[in-house]
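Have a look at the structure below before the remarks.
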There are 2 protein chains.
Amino acid sequence: MDRPRKPTLDTVAGAVGVSRATVSNAYNRPDQLSAALRERILETAASLGYAGPDPVARSLATRHSAAVGFMLGQGLSASFADAALSIVLDGLASTVDGHDHCLVLMPGKDKGGPRPETVARAQADVVVAYSLPDDAPALTAARTRGLPMVVIDQPVLPDTARVEVDDFGGARLAASSLWASGHRRFGVVTFALHPDGHNGPVTTARLASTSFRVTRDRLHGYLDVTGTDTPVWECARSSRELGRAGARALLSASPRPTALLCASDELAFGALQAVRDLGLRVPTDVSVIGFDDVPAAEHADPPLTTVRQPLAEKGRHAGELALRLLDGGRPGEPTRLPVSLVSRDSTAPPK
Amino acid sequence: MDRPRKPTLDTVAGAVGVSRATVSNAYNRPDQLSAALRERILETAASLGYAGPDPVARSLATRHSAAVGFMLGQGLSASFADAALSIVLDGLASTVDGHDHCLVLMPGKDKGGPRPETVARAQADVVVAYSLPDDAPALTAARTRGLPMVVIDQPVLPDTARVEVDDFGGARLAASSLWASGHRRFGVVTFALHPDGHNGPVTTARLASTSFRVTRDRLHGYLDVTGTDTPVWECARSSRELGRAGARALLSASPRPTALLCASDELAFGALQAVRDLGLRVPTDVSVIGFDDVPAAEHADPPLTTVRQPLAEKGRHAGELALRLLDGGRPGEPTRLPVSLVSRDSTAPPK
DNA sequence: AGTGTGAACTAGAGCGCTTCAGAACGTCCA
DNA sequence: TGGACGTTCTGAAGCGCTCTAGTTCACACT
């Protein structure tokens, strides 16, 4: 079972009869040696089964690992049940991969965000944080490691790059359009205010201490228009099923709301279903509005009125910021991406 | 701008007045030094802003990186549009994270799987491959690096751990139940046979050279029952929208199929929609059957008959295999997880 | 006093690579 | 003919850590 030791740079150098530095150059600086020699080295390497410089050793020597970490607020399946997150992540991944960087995923555990130990051991030299609670331990862990960081949709941290959208403004926009068309009785279906898995109506106290920036802003945007006494139903995750249950609960009040404001499209899809469940019609009986404008919004039944934010762009931009930080760039001003209201067929004036 | 150099083990050792080895032990082998000294070291470390041993250097010294790579056949958003994949990935991630390992994601590019360069540079010491074409370059790259590998739903490779489900048997099961209940005119909606983005009817030649094992097996399972002249529509990805379009195309044939066999639930959801689009009813006019049994299948309208495979289990098991390989374990026999037919309301005998 | 023992700590050799300051050897032009 | 210059290749010093094989020391036992 004495499997042969894996070949190293030295092995190859010895075999070809050149110095280790030259072999290294063959891989990293082709201009530093003659094409012929390089060819010879690469051939010998291949015949020895040498797959190129060891990434870890290289990282140690160069002091960067060509990897960006991604810290997530939730588990993977929960995260990706939400198309919006997938799209952002995809934008990030392709940007980063295009520059030969890997993506190190740190999914959230129970209490909002990855465990600090995970963060401490991750081989990444920049991290991107998304949908973490404002006080996530992972954030602290990344800081004490001195990792450059870019946050998406999160509160500013000193020395941190940031990309965000105007969640408050977007939500306000949506609510205003409904208000302007005559709606006066609203219900709000939101995703988590706190990372504790709560499902149900939201109390004022809970609202006041909201630990997710995005939730807070969207909620405040809605309530700013509809009034703070608007009933709010919290779902632990942004999922169709939970949205359906929440909407059903809100719609069973009397007088029944004439419009449902949802914190995400995913929740709105559930709301659409809930309206049908109760034998009512969208938008005749109830208007439903979403947030994100994921691709499915356009094909929903009926097509969903929603607040569009440039999701892929958000991921791509975060990726670029990360790469820039990696290059020693300064964080710079936060980038604010535009939102807009996309009117489709799930909203109409009340009867 | 001369930011102070980051503290290292040596810095801390110097400050406390002990050897580097002792500081290392303070972190990795608390039993090797007195509790008091350990405490003192940790305190000093904290006050110096030392966040613990550098992961890269540690990996070099220990020769393992505490990370498992995950090679994917497609881009992230495409992947996660498919709930099945998310669930598998989530199972994998939690297993792996529970053992203090990171997940390095290598999403696929255009031509089936991550780029070989990406794989060559990934800091992982075991990789899991999922839904790659059988001949993906990433597979070769991982091999030449000598990385232990576990493949999910892919053909056996020498010296590779493997978890799989009986796709052929599952598909056969589904088709047989329909056949037994009297159906004779079928249509099949499948996801990609080749990583070339093709959408449309499938030719015999294309079918014969299918490069994804899963596709091949499910297809063959269906066609084994329904006959090889059954029309098959290929969708480039497993998405609701593409499934809808494909189903619509198949249903416009005359005579119209009385049953649609879909390679995934996601495609089946699209098919459900397509039937409605045409003013027909499920299952009265058309039966629809899926594959995977994702959570949404139960809540579809109507609830979807489908082939269940233990998705989370699959991911978890792959994770465990990966961890075992990391520990120097042998690949062992492939694990075959069970499939079963879950009958719900989307299937019925033909009129 | 001599010996054995275990606990607490250290020295130093790597891990596999990059990189910088040269060395060696032309070539070219004055 | 000689020196300035370019190209090609080398030597050796790290990168920050782990780990084996010690050394030291206090204490107990005879």
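In what follows, every chain begins at residue 1, and chains take the letters A, B, ... in the order their sequences are listed.
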From [atom1] of [X] over to [atom2] of [N], roughly how many Å is that when rounded to an integer?
| X | N | atom1 | atom2 | value |
| --- | --- | --- | --- | --- |
| A/Gln123 | D/dC15 | CD | C1' | 14 Å |
| B/Leu60 | D/dG14 | CG | P | 17 Å |
| A/Leu33 | D/dT7 | CG | P | 13 Å |
| B/Ile41 | C/dA8 | CD1 | C1' | 11 Å |
| B/Asp54 | D/dG14 | CG | P | 18 Å |
| A/Arg63 | D/dC15 | CZ | P | 7 Å |
| B/Gln32 | D/dC19 | CD | C1' | 10 Å |
| A/Asn25 | C/dG16 | CG | P | 20 Å |

What is the bend of the helix from C/dA1-D/dT30 to C/dA30-D/dT1 when you compare the axis at one end with the axis at the other, using five pairs each and rounding to 10°?
-> 50°
Minimum heavy-atom distance B/Ala67-B/Gln123, with the two atoms named = CB-O, 3.4 Å
Taking OP1 and OP2 of [N], is either one under 4.0 Å from a side-chain nitrogen or oxygen of [X]?
| X | N | answer |
| --- | --- | --- |
| A/Thr62 | C/dT18 | no |
| A/Ser19 | D/dT10 | yes |
| A/Tyr27 | C/dT19 | no |
| B/Thr22 | C/dA8 | no |

Polar side-chain contact B/Arg20-C/dT10 base: donor and acceptor under 3.5 Å = no
Ignoring hydrogens and angles, tell me if any N or O in the side chain of B/Thr22 forms a donor-acceptor pair with the backbone of B/Val18 under 3.5 Å.
-> no
Which of the following nucleotides, D/dG11, C/dG16, C/dT19, is nearest to the side chain of A/Arg29?
-> C/dT19
Minimum side-chain heavy-atom gap A/Lys314-A/Ile152 below 4.5 Å | yes
Under 4.0 Å between any heavy atoms, over every strand shown, what does B/Val18 touch: base, sugar-phosphate, or nothing? Just pick one.
-> sugar-phosphate
Write out all pairs satisfying salt bridge (charged side-chain N to carboxylate O under 4.0 Å, His left out) with one or both partners inside residues 54-71 of chain A, taking only residues at least two apart or from two chains.
-> none
Pick out which of B/Thr11, B/Thr8, B/Asp10 makes a side-chain hydrogen bond (donor to acceptor under 3.5 Å, both in side chains) with B/Arg20.
-> B/Asp10
